[in-house]
Amino acid sequence: MNRYNAKTTEAKWQKIWQDKNTFVADDHADGEKYYILSMFPYPSGRLHMGHVRNYTLSDVIARYKRACGFNVLHPMGWDAFGLPAENAAMEKGVHPGCWTRDNIPAMRDQFKALGLAADWSREFATCDPDYYQHEQALFLSFFENGLVERRQSSVNWDPVDHTVLANEQVIDGKGWRSGAPVERRTLNQWFLKITDFADELLAELDHLDRWPEKVRVMQQNWIGRSEGARVFFNIVDNDRVSAERIEVYTTRPDTLFGASFCALAIDHPIAKEIAAQDNAAATFIEECQQLGTSEEAIETAEKRGFDTGLEVKHPFIEGHTLKVYLANFVLMDYGTGAIFGCPAHDQRDLDFAHKYDLPVTAVVFPDNADENFTVGTKAYTGPGTLRNSDFLDGLSVIEGIRTAIDRLTELNAGERMINYRLRDWGISRQRYWGCPIPIIHCGDCGIVPVPAADLPVVLPEDVEFDTPGNPLERHATWKHVDCPSCGKAAIRETDTFDTFVDSSWYAIRYTAPNADVPIDREAASRWMPADQYIGGVEHAVLHLLYARFFTHALHKCGYVDFKEPFKGLFTQGMVCHETYQDADGKWLSPEELIRDGDAITDRAGRPVKIGRSEKMSKSKKNTVDPASIIDTFGADTARWYMMSDSPPDRDLEWSEDGIEGAWRHTQRIWRITTERLDTLPAVHAAAPDNFGEAALELRRTVHKAIEGVTAGIEAIRFNTAVAQMYELTNALASFKGMEPDDVWAVREGLEVLAQLTGPMMPHVAEELWETLGHITPLSETSWPVADRSLTVEDTVTMAVQINGKVRTTITMPLDASKEDTEATAFADAKIRAAVHGKDIRKVIVVPNRIVNIVV
RNA sequence: GCCCCUGUGGCGGAACUGGUAGACGCGCAGGAUUCAAAAUCCUGUUCCCUUUUGGGAGUGGGAGUUCGAUUCUCCCCGGGGGCACCA
């Protein structure tokens, strides 16, 4: 039998596409543009299944849109700066640059083997000076426009490795490599003023209607706009600290009469003053600094406080004072770094009050509560009526908030304040493998931007990783430079950009990757915003919010005439696999197992524990290497499996049986085409005048498949498109007719099958198309259009229910009248028997859908 | 702790705006073909009772709205994700 050879066929078509530049985007072509983009990969050196899924998704859309006549841009490049390269440098002694630049061609080959309809002519890596020099220019432009600031911020500091740690490098409060307890340390860092755009970024979310709701909600929470008040508490008998008053931020000024203490963040300026005078306070602060910087760590840690001995005056109650604590759950970065505590109506405050024996006064009473309402161990945060609150008594929470703010304003004791959880974007990284920040520090002139003519500031290659810390700091010559302003000896900034800066504008750069300016305005307007962006949901907030901000900032600086970079967003699920552990709990890879029927053992014959399916990861050894899958089954089969079964936005379970099923399908469509080939009419043969019932039925299936697959691709529900193609394949495989009208319908069906298969399995589809006698490649052929007269049924099968239970079905002409439908239903023998002797209360007829008889 | 998502056969999943639950695939069972195997083809496959016919239950659990709920509302339970220097 004629078996399909994936290896030779895939190589053949990849060469043809490359030689013909089939997928090189034309900047000047006619036709509506369509910009489809997958999140560019980090060049780790090895393709993983997540990449296969991500790029197959965008490839299906790219090929489909192309067939539909769009002028498609589907570019490719590398997010090439970042931590893994430095880790490799330290672990293997390879230079990050060499490591990265070796990885890129290796990975490019693996991507090419997938048969992507990508425009490789626009490829770049963010570590190319050609790319990052423009990034430096954009930064300087932001600097001129007041979007850059330098200020202090706290970081996770590893005291042994002398390095800043990412949150993920902090495990149980210890550095992942050194194991030393992590400290919080304050450094001078560069910030981009994303908070200037907080309202705009929030408002624009409403217009991103082709983004997943989930991502919009996450971004909304991240921005975290809240309305409340700044309240001033004057310090009593103040001779210890320089401040006259403590400013707190609250969203609940209505609960001021329930206040029982004030608390400051441990890095609040007043806290620092106190620590300078009081050893116990200093010790307390030091202890709290052991705690991580994440919100989760702070929220779940035990609430702890330190009584400063300071007292403040209540703004509304004459003569009433509150104690001032330092507290570990107050964040300096949020609001004003100080709070007032109302234990009855905030759980954190309540836990704190119980611990330090502070009064708990309920001031908001739920609507159904009586006069004796008190708060026990659970704070009441719901709506209600204000009590025990002087001039606020009787008001609702919302009225209370407004009235309290008015009074605070009158008394000069506070004012309305809008607060954001969003903080400015700290872009300084104390690392080598990133884009140098183009700034010079001069003893006389202060901060001096590198003049545009001196760009790029190139990362030096001659660095050592044998000692801890940033190699740029101890480079012999690189950081020493003459001040561009006064000419005296000065020092370069040795921090590099957060790699999210690199990925904030790459989508725009693809539109003119060789321009000698950062952004070619005309090209950017032509292609941007990207019509569809695809990537992992793990980027829902940071990357996607930063890229949005960056684009808004570019707009403000006059670089582009749009504000939002991505019109449509799709977040794909992870690729998962079962996990295996041996008797000692050691993880085993699938290759290390021996299967004998249902029994699974390790190589020593010991039983293996099968764990639940988890995201493929090296640490759990549950990865499947795409290269070996492609080698065994071909890229088409791997792609098909990725697209079948699971909806693209959900996690996909990798299974051996599944990939074999996909392989069978690949062989099957090849077989049913080649077996039938001799019986088919010539290519482009005219349709017969009439079709018999069998041929007509086949044609209906074919045209319904066109509709179904098209809808599935449009909706990015490729699994439903796959199901439609299986049905079409089944219909073609079992069709036996040999009359002229039959074989014409078979040719039509096989051609449509090849066309519909094209986006998902492009190589076998091209081969089938060619085998069917076509000279023009499938990649140059337009998408099939369904014949409506074949997809609309003229009769419908309707269910007849009695009391909501289906008793039988009837066949009715399409759009039959209610009366006819009801009459037909009652004429049915089963229905007559079932309703016989019963009282018919009601008959519901929904045309073309259902009849329900209530007895 | 806070926020969000999710739950349908042995498994992955399908079901348009509330209208025949389980499409399609995997697996499994039986059969055909074969010296045998692989491959392929055919039949069956939600569960329970029943010989067929047929009947009953059923979309995590409980309530509600409705002629009718996988779909809408409320409560509960299970699973997953995010929470600011990984990309």
Side-chain angles (χ1 to χ4, degrees), chain A residues 1 3 39-42 44 79 81-84 87 153 155-156 163-170 189 212-215 217-218 220-222 224 293-301 303 329 333 347-348 351 421-423 425-431 498-500 502-503 535-543 545 574 612 614 641 644-647 649-653 655-662 664-665 667-668 671 711 717 719-720 722-727 729-730 733-734 797-809 841-844 846 848-854:
Chain A
M1 193 199 295
R3 260 172 92 78
M39 289 180 184
F40 66 165
Y42 180 83
S44 62
D79 188 12
F81 276 135
L83 213 44
N87 291 339
S153 156
V155 293
N156 298 309
T163 184
V164 175
L165 298 177
N167 276 340
E168 72 150 17
Q169 296 174 319
V170 180
Q189 312 215 62
E213 182 64 26
K214 175 169 69 166
V215 174
V217 168
M218 279 164 91
Q220 204 176 313
N221 292 340
W222 191 266
T293 55
S294 80
E295 190 172 319
E296 183 200 8
I298 289 163
E299 289 280 332
T300 50
K303 310 287 174 280
F329 64 93
D333 293 317
Q347 193 59 45
R348 288 169 303 186
D351 296 343
R421 202 180 82 97
L422 182 69
R423 307 207 290 262
W425 175 15
I427 52 166
S428 295
R429 295 291 180 271
Q430 292 68 40
R431 306 197 190 283
D498 178 3
T499 55
F500 280 127
D502 311 335
S503 55
V537 72
E538 64 273 23
H539 294 291
V541 177
L542 294 184
H543 162 57
L545 191 61
M574 299 179 298
R612 53 172 208 151
E614 292 186 62
Y641 176 64
S644 60
D645 287 359
S646 289
D649 54 345
R650 281 212 223 161
D651 287 352
L652 175 120
E653 169 72 20
S655 84
E656 213 39 49
D657 289 332
I659 187 75
E660 277 169 19
R664 272 201 297 276
H665 177 74
Q667 290 296 342
R668 191 163 183 236
R671 194 181 336 108
R717 313 227 330 135
N719 56 321
T720 63
V722 165
Q724 291 275 340
M725 285 190 256
Y726 276 124
E727 285 189 59
T729 308
N730 289 342
S734 57
T797 307
M798 292 172 64
V800 182
Q801 302 179 331
I802 293 175
N803 290 343
K805 283 191 199 303
V806 179
R807 291 293 131 159
T808 190
T809 56
R841 304 262 299 270
K842 198 173 182 183
V843 178
I844 291 130
V846 182
N848 300 329
R849 289 199 192 274
I850 206 155
V851 181
N852 191 11
I853 301 162
V854 186

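Everything quoted here is computed from the prediction, not taken from an experiment. In the text below, chain A, chain B and the rest are named by the order of the sequence lines, each starting its count at 1.
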Discussion item. Using the side-chain heavy atoms of Ile844(A), tell me which of these nucleotides is nearest: C3(B), G19(B), A87(B).
Written reply: G19(B)

Practice prompt. Select base, sugar-phosphate, or nothing to describe what Pro41(A) touches, counting heavy atoms under 4.0 Å on all strands.
Written response: nothing

Item to complete: May I ask you to say what Arg650(A) touches in the nucleic acid, namely base, sugar-phosphate or nothing, with a heavy-atom cut-off under 4.0 Å?
Response: sugar-phosphate

Worksheet item: In whole angstrom, what separates Glu727(A)'s CD from G25(B)'s P?
Response: 8 Å

Worksheet item: Between atom CE in Met218(A) and atom C1' in C2(B), what is the gap in whole Å?
Response: 13 Å

Discussion item. Measure CD/Gln724(A) against C1'/C24(B) and give the value in whole Å, please.
Written reply: 9 Å

Worksheet entry | Least distance between heavy atoms, Asp502(A) atom then Asp79(A) atom | CB-OD1, 4.4 Å

Item to complete: Report which part of the nucleic acid Gln220(A) touches: base, sugar-phosphate, or nothing (heavy-atom distance under 4.0 Å, all strands).
Response: nothing

Worksheet item: Heavy atoms under 4.0 Å, any strand shown: does Trp425(A) hit a base, just sugar-phosphate, or nothing?
Response: nothing

Worksheet item: Mind checking the C1' distance from G80(B) to U71(B)? Whole angstroms is fine.
Response: 22 Å

Worksheet entry | Between A23(B) and U46(B) - P atom distance, rounded Å | 8 Å

Worksheet, complete the sentence: Checking N1-N3 plus N6-O4 or O6-N4 for Watson-Crick, or N1-O2 and O6-N3 for wobble, each under 3.5 Å, the partner of A32(B) is U40(B)

Worksheet item: Is there a side-chain contact between Val854(A) and Asn803(A) (heavy atoms, below 4.5 Å)?
Response: yes

Fill in: Touch class at under 4.0 angstrom, heavy-atom based, for Gly658(A) against every strand present
nothing

Worksheet item: Is any side-chain heavy atom of Phe329(A) closer than 4.5 Å to a side-chain heavy atom of Asp351(A)?
Response: no

Practice prompt. Tell me what Thr809(A) touches on the nucleic acid: a base, only sugar-phosphate, or nothing, going by heavy atoms under 4.0 Å.
Written response: base

Worksheet item: Looking at the side chain of Arg717(A), which of A23(B), A15(B), A87(B) is the nearest nucleotide?
Response: A15(B)

Practice prompt. Using whole Å, report how far NZ of Lys214(A) lies from P of C4(B).
Written response: 13 Å

Worksheet item: What integer number of Å spans the C1' atoms of G58(B) and C48(B)?
Response: 11 Å

Discussion item. Applying a 4.0 Å non-hydrogen cut-off, can you work out what Glu653(A) is touching in the nucleic acid: base, sugar-phosphate, or nothing?
Written reply: nothing

Worksheet item: Contact class for Leu652(A) vs. all strands (heavy atom < 4.0 Å): base, sugar-phosphate, or nothing?
Response: nothing

Item to complete: Tell which nucleotide pairs with U46(B), taking only Watson-Crick or G-U wobble pairs whose two distances are both under 3.5 angstrom.
Response: A57(B)

Worksheet, complete the sentence: Heavy atoms of Arg849(A) and Met798(A) approach each other most closely as N-CE, 3.8 Å

Item to complete: Round to the nearest Å and state the distance from Gln667(A) atom CD to A39(B) atom C1'.
Response: 10 Å

Worksheet entry | Under-4.0 Å side-chain N/O to phosphate OP1/OP2 contact, Lys842(A) with C67(B) | yes

Worksheet item: Just checking Thr797(A): base, sugar-phosphate only, or nothing, at a heavy-atom cut-off of under 4.0 Å?
Response: base

Discussion item. Are the side chains of Tyr641(A) and Leu652(A) in contact, using a 4.5 Å heavy-atom criterion?
Written reply: yes

Fill in: Gap between atoms CG and P, on Asn848(A) and U20(B) respectively (whole Å)
13 Å

Fill in: C16(B) to U53(B) separation - P atoms, rounded to the nearest Å
31 Å

Worksheet item: Across all strands, who's sitting opposite G10(B) as a Watson-Crick or G-U wobble pair, both distances under 3.5 Å?
Response: C26(B)

Fill in: N/O (side chain, Arg664(A)) to phosphate O (OP1/OP2, G27(B)) under 4.0 Å
yes

Worksheet item: For U65(B), which nucleotide is its Watson-Crick or G-U wobble mate, given both distances must be under 3.5 Å?
Response: none

Atom pairs, N/O to N/O, protein against nucleotides 53-59 of chain B, distance under 3.5 Å?
{"residue": "A57(B)", "atom": "OP2", "partner": "Lys805(A)", "partner atom": "NZ", "Å": "3.3"}

Worksheet item: How long is the gap from CG on Leu545(A) to CE on Met218(A), to the nearest 0.5 Å?
Response: 11.0 Å

Response to the item:
In terms of heavy-atom contacts, Arg429(A) and Asp498(A) come closest through NH2-OD2, 3.0 Å

Response to the item:
Side-chain contact check for Ala799(A): nearest option of G19(B), U20(B), A23(B) is U20(B)

Fill in: Heavy-atom check, side chain of Val851(A) versus side chain of Val843(A), under 4.5 Å
yes

Item to complete: Please tell me which of the listed nucleotides, A87(B), U17(B), A84(B), lies nearest to the side chain of Trp222(A)?
Response: A84(B)

Fill in: Rounded distance in Å between the P positions of U17(B) and C67(B)
23 Å

Worksheet entry | Arg664(A) side chain reached by Arg671(A) side chain, heavy atoms, under 4.5 Å | no

Practice prompt. Could you work out the separation of C3(B) and G55(B) based on their P atoms and round it to a whole Å?
Written response: 49 Å

Response to the item:
Between CG of Asn852(A) and C1' of C67(B) the distance, given in whole Å, is 5 Å

Practice prompt. Would you please classify the geometry between the Tyr726(A) ring and the His665(A) ring as parallel, tilted or perpendicular, with 30° and 60° separating the classes?
Written response: perpendicular

Worksheet item: Where the side chain of Arg421(A) is concerned, which of U20(B), C83(B), C24(B) is the nearest nucleotide?
Response: C83(B)

Practice prompt. Please work out if Asn719(A) contacts a base, only the sugar-phosphate, or nothing of the nucleic acid, heavy-atom cut-off 4.0 Å.
Written response: sugar-phosphate

Worksheet item: Quantified in whole Å, what is the P atom distance between nucleotide A39(B) and nucleotide A87(B)?
Response: 46 Å

Worksheet entry | Pairing nucleotide - U17(B), Watson-Crick or G-U, each distance under 3.5 Å | none

Practice prompt. Please work out whether G9(B) sits syn or anti, treating a glycosidic angle within 90° of 0 as syn.
Written response: syn

Worksheet item: Does a nitrogen or oxygen in the side chain of Asn730(A) sit under 4.0 Å from OP1 or OP2 of G25(B)?
Response: yes

Worksheet, complete the sentence: Comparing nearest nucleotides in RNA chain B, the 5'-proximal residue of the pair Ala723(A), Glu213(A) is Glu213(A)

Worksheet entry | Partner nucleotide, any strand, of G1(B) [Watson-Crick/G-U, under 3.5 Å] | C83(B)

Discussion item. Mind checking if Gln801(A) touches a base, just sugar-phosphate, or nothing, with heavy atoms under 4.0 Å?
Written reply: base

Worksheet, complete the sentence: Scanning all shown strands, the Watson-Crick or wobble mate of U71(B) with both distances under 3.5 Å is none

Worksheet item: Taking N and O atoms by type only, does the side chain of Asp657(A) place a donor or acceptor under 3.5 Å from a partner on the base of C26(B)?
Response: no

Worksheet item: Expressed in angstrom and rounded to an integer, what is the separation of Phe40(A) atom CZ from A87(B) atom C1'?
Response: 10 Å

Discussion item. So Trp222(A) and Leu542(A), do their side chains get closer than 4.5 Å, heavy atoms only?
Written reply: yes

Worksheet entry | Nearest-angstrom distance, P atom, U6(B) to A15(B) | 14 Å

Worksheet item: Pro84(A) and Tyr42(A): which non-hydrogen atoms are nearest, and at how many Å?
Response: CB-OH, 3.5 Å

Practice prompt. With heavy atoms under 4.0 Å as the rule, sort His539(A) into base, sugar-phosphate or nothing.
Written response: base

Fill in: Given RNA chain B, 5'-ward residue of the pair Val846(A) and Val854(A), judged by closest heavy atom
Val846(A)

Worksheet entry | Candidates C86(B), G12(B), A15(B) - which lies nearest the side chain of Ser646(A) | G12(B)

